[in-house]
Amino acid sequence: MNTSLAVRLVFSCAAILAALAATVYLAFAVPRASRPERDRAGAAPALDQAQARAMLPVIDAYLDRAAGRLGVTGDLSAGLRPRTFCDASIIEIRPGETLSSAGARPLTLDWRVGIVVFCAEFARRGHTLLRGSGGYPSLGEVVTMAGHPGGYQARSLSVGPPVRAPSWVHAHFSPGAVTLVLSEKVTAPDPAGQARRAFGFPPGTRAIEG
């Protein structure tokens with residue numbers, strides 16, 4: 001065979017193989033790499049921090065009123081008029097019901113806010129802030145919110161089971177949030193700060209178990 005012809009054949013085969021390899025790469029590797037991060041299983045949910053800061057005081061106040069539904073029990077004397085306070089950390093905020101019309105942007109009517117909660121019972125005895133031995137560090141709950149910054153309202157609360165229940169978490173949180181919730185690495189703040197303000201104690205006052 002002519003040497004130059006053999007060289008051309010070798011280069012032609014190499015070019016064909018390179019083209020096939022590129023086609024296979026584009027067909028399989030690129031689509032996976034170009035998927036948005038939020039679609040990957042286990043990706044942490046993006047959180048609008050400004051929206052979360054506006055919602056959190058409303059959620060905390062709502063949880064204080066709904067503490068009975070969370071099963072918070074305390075052992076402080078009724079004569080001390082104990083109160084239950086709750087604090088929450090927001091894991092994710094997802095649009096709930098939306099209103100759509102032609103030519104207009106969809107309007108979000110409510111939000112599903114995934115949270116973890118810490119509730120505890122407190123009371124004042126003289127110059128001492130007392131804390132009950134009971135408490136409620138939750139695995140995860142969901143609050144339905146409506147409104148807008150400056151006018152948010154908490155409408156309902158979906159309470160998880162009293163024991164660890166991954167199936168409930170999967171049903172109520174996005175895949176990325178499920179990973180965070182089940183890792184139990186996201187916790188809520190101690191509500192002692194709320195109790196100090198409510199009972200008129202200065203910041204930093206220690207809560208003593210009563």
Side-chain angles (χ1 to χ4, degrees), residues 44-76 80-96 108-124 128-162 168-169 172-174 177-178 180-210:
L47 185 64
D48 185 327
Q49 295 295 335
Q51 186 179 28
R53 285 193 297 269
M55 287 180 167
L56 199 51
V58 180
I59 292 174
D60 286 343
Y62 178 74
L63 291 173
D64 291 345
R65 298 191 299 270
R69 290 187 53 198
L70 293 169
V72 180
T73 58
D75 54 3
L76 295 178
L80 295 172
R81 297 182 180 178
R83 294 174 58 185
T84 298
F85 297 93
C86 299
D87 212 336
S89 289
I90 295 178
I91 295 177
E92 67 174 349
I93 302 172
R94 291 191 290 170
T108 301
L109 300 180
D110 59 28
W111 309 85
R112 291 178 56 80
V113 186
I115 59 175
V116 290
V117 179
F118 184 4
C119 299
E121 186 185 56
F122 297 87
R124 178 166 193 152
T128 303
L129 177 63
L130 300 177
R131 178 201 295 268
S133 60
Y136 182 80
S138 75
L139 181 63
E141 326 293 342
V142 177
V143 176
T144 301
M145 305 281 291
H148 51 81
Y152 282 121
Q153 295 179 336
R155 287 185 168 177
S156 63
L157 174 65
S158 296
V159 180
W168 189 92
V169 177
H172 289 80
F173 290 84
S174 69
V178 165
L180 287 176
V181 172
L182 294 181
S183 72
E184 299 186 36
K185 293 179 179 179
V186 180
T187 58
D190 189 325
Q194 294 187 42
R196 284 193 288 265
R197 290 190 294 272
F199 289 115
F201 286 97
T205 299
R206 184 182 174 189
I208 306 299
E209 188 168 318

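- The line from CZ of F199 to OG1 of T205 is 12.5 Å long, rounded to the nearest 0.5 Å.
- If you take CH2 on W111 and CD1 on I90, they are separated by 12.0 Å, rounding to the nearest 0.5 Å.
- For the atom pair CG (D190) and CG (D87), the distance works out to 8.5 Å, reported to the nearest 0.5 Å.
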Next item on the list: Could you go through the side chain to side chain contact (heavy atoms under 4.5 Å, CB included) check for R83 and D64 one step at a time?
Entry: CA-CA 9 Å; R83 294 174 58 185; D64 291 345; 5.9 Å; no
Next item on the list: Begin with the C-alpha distance, continue with both residues' side-chain angles, and end with the deciding distance and a verdict on side chain to side chain contact (heavy atoms under 4.5 Å, CB included) for V186 and V181.
Entry: CA-CA 7 Å; V186 180; V181 172; over 6 Å; no
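- Across all their heavy atoms, L129 and A195 have their closest contact at CD1-CB, 4.3 Å.
- Smallest separation of non-hydrogen atoms from V169 and L182: CG2-CD2, 4.0 Å.
- Ring pair H172/W168 is parallel by interplanar angle, where below 30° counts as parallel and above 60° as perpendicular.
- Atom CD1 of residue I59 and atom CD of residue E141 lie 11.5 Å apart, to the nearest 0.5 angstrom.
- Taking each heavy atom of C119 and T84 in turn, the nearest pair found is CB-CG2, 4.3 Å.
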Next item on the list: Would you check, one step at a time, whether the test side chain to side chain contact (heavy atoms under 4.5 Å, CB included) holds for I91 with V116?
Entry: CA-CA 7 Å; I91 295 177; V116 290; 3.6 Å; yes
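- Taking every heavy atom of both residues into account, P189 and A88 meet most closely at CD-O, 3.7 Å.
- Counting non-hydrogen atoms of other residues, nucleotides and ligands closer than 6.0 Å to CD of Q153 gives a total of 12 or fewer.
- Nearest approach of R131 to A192, heavy atoms of both residues: NH2-CB, 3.8 Å.
- For the atom pair L130 CG and F122 CZ, the distance stands at 10.0 Å (nearest 0.5 Å).
- Here the closest heavy-atom approach between residue C86 and residue Q194 is recorded as O-NE2, 2.5 Å.
- Distance alone, capped at 3.5 Å, is enough to place a donor-acceptor pair between the E121 side chain and the L76 backbone.
- Atom CE of residue M55 and atom CD1 of residue I115 lie 11.5 Å apart, to the nearest 0.5 angstrom.
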Next item on the list: Start with the C-alpha gap between F85 and D60, add the side-chain angles, then the distance that decides, and say whether side chain to side chain contact (heavy atoms under 4.5 Å, CB included) holds.
Entry: CA-CA 8 Å; F85 297 93; D60 286 343; over 6 Å; no
